Amino acid sequence: MKTLIVARYSFVEIVKSNVLINTLFLGLGLVVIIYIASEFTYGVPHRIALDFGLGAVSLSSVGMATFFGVGLISKEIENRTVYMVLSKPLSRQAFIVGRIIGMGGILFINISIIGVITTCFFSFLGGEINTLVITTFLFIFLEAMMALGIIVFFSLITNNTLSIIFTIFFYIVGHALGETKALSFAVSRPLLQSFLKFIEFILPNFSKINLRTYVLYEQSLPDSFLIQAFLYAVFYSFFLFLVSTLIFNRKNLD
Amino acid sequence: MISFKDITKEFKPDFWKPSFLALDSLSFNIPEGCITGFLGANGAGKTTSLKILMNFINTNSGEVEYSRALGSTWNEIVSNIGFLPERPYFYPHLTGLEFIHYMGDLCGVKRSTIAERSAKWGERFKIRFAFDRKIRGYSKGMLQRLGYVISLIHDPQLVIFDEPLSGLDPVGRKELKDAMREINDLGKTVFFSSHIISDVEEVCDQVIFIEKGKLVYQGQIDQLIKSKMKSEVLFKVKCSPEKLTAIGIDSFAGIGDGKFKFTTLTIDQNKTIRNLLASEISILELSPKRPTLEEVIYKVGEF
């Protein structure tokens, strides 16, 4: 219950900081870009609309998760707002989980706004909206939550600049992992392959939950793949949030 | 109400730097129903003590004991404490009232009660007019006043303020001191830290004085003054300075119009009066001299 109170006010605070105006501007920019790009495209303008749309949703939500997530807890400590909040009957766990849920709500709204614009254009240009398109947006949300988990974790153990650098690094590496493993150079070297598998096990494997290529080329995906990817993202995020909560619980707020 | 028992706290500024002792086996009690001042110079360990008391930081050793009247679980205890940190900061994009609602909701206070209490304390601290404004537009003093309202919104038994008078103008300081007395009159215990001795002397019944993380004194202000300063009387006389010197009074100061003032120990009072009268010196005024807490603290702790 108290977690939801923290989540609600965190959400309201971020909404009132006018961050969603940026989302609206991004949406408008996207409309212009999709229109121009589709004019230069022959045959598959809807695919262009979806490609740009998914890219914009992904980058904006991960960017938002990174740049807002970095201050989600650390700014509270720095500004001493945390003293006001934690001097009330509220556990540290409830506080951090509430902040994360509040930020998750912002990411959800951001993805919904740009997602609606994208799917409208996609449909308008002749694309067929199917469950995979919707599922892709859900996975982008999970991707943003994983990025949020990474940045919150790092912001509790290091400074803000390093947290952002680490998160961007992990985001890039996490996306490159799948393709790197498939390179013939890596395939032909068992030692490197084992090393990549080990890295894949530890680092966030964003390529595992990236459905953009599949949806763009209208490839079907087995349910088992989707379920596995979904569970991976949920458990990885949950693990990061759990570790962050444990760290925050023991952290000296000085 | 709260007992600090042998609390030691060390801080390590950096990994490769040696740690320093912020609190050194510090023990004191916050008595119930009193206004207690927590005195110490900057860096004496006041804020560190309050952070330990509020469970924001851990100790290296020792423990804080909370009275059963505050509750048995941490949630119960903290429900009965109203805490205001030094230089409080709130979410800048929320309005004052929204933040009050946030804090009230966390304490499980009904909205109607929040409205009632925020109106009462908002008027008392003269901040109600700005409740609908975004907090980012508040001045330092307004933030402080909003903090007082928030710390009282759940009607706590114990109110803890960290340097509550810093950042306030003289009128604001007087208002807060009056408010602290009012809060105390409502049966609540008030504990506040300050490095301004005169403020503490003005409102407190009890004082806890720490220096370099160690307790120097805890108790009533009057007792501290009595125990640490010799009782003196102040004489104001009219005569020539030679006459004073002739009766053995060497330390005196002119106050104009051929008048002089000097102090003697109370036990020497009668002897001095006899000497003055024998030398036909007019005694204009004779009054007991009560040292201020500030003078005592300077003497006790070389503050």
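None of the values given here were measured: they were computed from a predicted structure. In what follows, every chain begins at residue 1, and chains take the letters A, B, ... in the order their sequences are listed.
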Exercise. Is it the side chain or the backbone of B:E76 that comes within 4.5 Å of chain A heavy atoms, both, or neither?
Worked result: neither
For this session: Measure distances from B:S151 to the heavy atoms of chain A and classify the residue's part below 4.5 Å as side chain, backbone, both or neither.
Result: backbone
Seminar exercise, completed: Answer key: most heavy-atom pairs under 4.5 Å with chain A among B:P85, B:P156, B:P88, B:G108 is B:P85
Problem set entry | Residue part contacting chain A, namely of B:I81, when any heavy atom lies under 4.5 Å | backbone
Problem set entry | Aromatic centroids of B:F191 and B:F161 separated by under 6.0 Å | no
Exercise. Should the heavy atoms of other residues, nucleotides or ligands under 6.0 Å from CZ of A:F108 be counted, would the total exceed 12?
Worked result: no
Exercise. Out of B:T36, B:T189, B:I2, which one pairs with B:P31 under the side chain to side chain contact (heavy atoms under 4.5 Å, CB included) rule?
Worked result: B:T36
Problem set entry | Contact origin within B:R136 toward chain A - heavy atom pairs under 4.5 Å | neither
Exercise. Cut-off 3.5 Å, side chains only: do A:N205 and A:E200 have a donor facing an acceptor?
Worked result: yes
Exercise. Counting only N and O atoms by type, is there a donor-acceptor contact under 3.5 Å from the side chain of A:K2 to the main-chain atoms of A:S91?
Worked result: no
Problem set entry | Separation of A:R212 CZ from A:H175 NE2 (nearest 0.5 Å) | 5.0 Å
Exercise. Which atoms of A:R250 come close to chain B, meaning under 4.5 Å heavy atom to heavy atom: side chain ones, backbone ones, both, or neither?
Worked result: backbone
Problem set entry | Pair B:D105, A:Y9: side-chain N/O donor-acceptor within cut-off below 3.5 Å | yes
Seminar exercise, completed: Heaviest contributor of heavy-atom pairs below 4.5 Å to chain A, chosen from B:T73, B:N75, B:T48, is B:N75
For this session: Identify which part of B:H101 has an atom lying under 4.5 Å from any heavy atom of chain A, answering side chain, backbone, both or neither.
Result: both
Exercise. Looking at A:V6, A:L90, A:V12, which makes the most heavy-atom pairs under 4.5 Å with chain B?
Worked result: A:V6
Seminar exercise, completed: The interface call for A:K75 against chain B, heavy-atom contacts under 4.5 Å, is neither
